[in-house]
Every structure is written in structure tokens, then in C-alpha cells.
Peer 1: 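I'd like to ask some things about the structure below.
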Amino acid sequence: MRHRLIMASVLASTDSVAPISFLPPDAFPELYAVVFGEGVLNDVVSVLLSDAAQHAAGRPEWGLLVLDILRLLVLSGAVGAAFGLSTSYLFKKAKALQQETMRPVVLLLMLCHLCYVLSEIAEI
């Protein structure tokens, strides 16, 4: 059962790059945003479902699986929002980051990676 849930989560995340490549964002901005958002949401759901299914020992109970998915959704959303808000505040207040190009990009990539590493350490 666990393998089926993991396979279903992989198949649920459809590739949204193909439809986006045919939609010019200038001609259809709302449709482009909807397709892009749907692709991102599918990816999030598939990651949460596969992670919850992998942590389940044996055949997972549906109630516990749903609770684990909700826990992962809330905690990962909170960590992402905290890092996103703190990063945007840092970029807004630090004048040195507004004068160059390379340092802000490197700092942004490092902060994104730090968010990922801390989430993995905390097993979120």
C-alpha cells in the first residue's frame, strides 16, 4: 500500500512546463498564472503525500496519514513564510544589497538552501 501511495504522489504532480511553454505570458497573463499556480500546488501535494507515505510503517491508516500531511503542510508553510518574510525584510533594509547584483543573488540562494537544510534537520 505504501508503494502505491508513493507512486500515486509521483504521478499526481503533472508537468506544468509543457502547457506553460505554449502560453505566452503577455497574451494570457491570468491563464499563465493559473497554470503555473496549479503546477506548483501539484508539486507541493505530491511532496507532502510521498513524504507522509514514506514515514508510515507498513500500511498507513488514513486518519494518521491525513494528520501527517496536515502537519507537514502547516509546519513547512510556517518555515517557508518565516524565511521568506525575513529574507524580504533583510533585502529591504540592507542598502548594500540594493547596489549590486551578485551578492544579493548569492545571499538569496544561500538563505533558500539554509531554509531547506533546517527543514530537513527538523524533519519537516
Side-chain angles (χ1 to χ4, degrees):
M1 182 69 168
R2 190 176 87 178
H3 297 293
R4 290 180 187 160
L5 284 173
I6 293 171
M7 186 58 135
S9 68
V10 169
L11 295 176
S13 64
T14 58
D15 187 20
S16 62
V17 174
I20 284 179
S21 65
F22 293 113
L23 294 173
D26 299 335
F28 305 103
E30 289 93 12
L31 185 59
Y32 184 84
V34 167
V35 171
F36 181 75
E38 184 263 339
V40 170
L41 185 64
N42 279 349
D43 292 345
V44 169
V45 168
S46 68
V47 167
L48 290 175
L49 182 59
S50 65
D51 195 38
Q54 281 181 341
H55 287 130
R59 185 175 181 191
E61 295 181 23
W62 289 106
L64 294 176
L65 187 64
V66 168
L67 285 176
D68 197 25
I69 289 172
L70 289 176
R71 180 189 65 84
L72 289 171
L73 180 66
V74 169
L75 290 177
S76 62
V79 169
F83 264 87
L85 291 172
S86 61
T87 301
S88 64
Y89 183 76
L90 174 71
F91 275 80
K92 181 180 180 181
K93 294 297 181 182
K95 299 295 181 194
L97 294 175
Q98 297 173 3
Q99 298 170 354
E100 296 181 37
T101 304
M102 192 57 129
R103 283 187 185 163
V105 170
V106 171
L107 181 63
L108 181 64
L109 290 174
M110 288 175 57
L111 288 172
C112 290
H113 187 68
L114 178 65
C115 179
Y116 169 75
V117 168
L118 289 177
S119 296
E120 284 294 314
I121 290 171
E123 294 182 1
I124 297 176

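The shown structure was predicted, so the numbers you read here are calculated from the model rather than taken from an experiment.
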Peer 1: Can you hop from Ile121 to Leu114 via hydrophobic side chains spaced under 4.5 Å?
Peer 2: no

Peer 1: As an exercise, state the distance from CZ of Arg103 to CG of Leu108, rounded to the nearest 0.5 Å.
Peer 2: 15.5 Å

Peer 1: About how many Å separate CZ of Arg71 and OG of Ser76, when rounded to the nearest 0.5 Å?
Peer 2: 9.5 Å

Peer 1: If you count the non-hydrogen atoms of other residues, nucleotides and ligands that lie under 6.0 Å from OH in Tyr116, is the total more than 12?
Peer 2: no

Peer 1: Main chain of Leu85, side chain of Ser88: is a donor-acceptor contact present, judged purely on distance under 3.5 Å?
Peer 2: yes

Peer 1: Looking at Val106, Leu111, Val105, which hits side chain to side chain contact (heavy atoms under 4.5 Å, CB included) with Leu109?
Peer 2: Val105

Peer 1: Hydrophobic clustering (ILVMFWY, side-chain heavy atoms < 4.5 Å, transitive) - are Leu72 and Val66 grouped together?
Peer 2: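 Unlinked, Val66 and Leu72 end up in two clusters.
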
Peer 1: Going hydrophobic residue to hydrophobic residue with side-chain gaps under 4.5 angstrom, can you get from Leu90 over to Phe83?
Peer 2: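 Linked, Leu90 and Phe83 end up in one cluster.
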
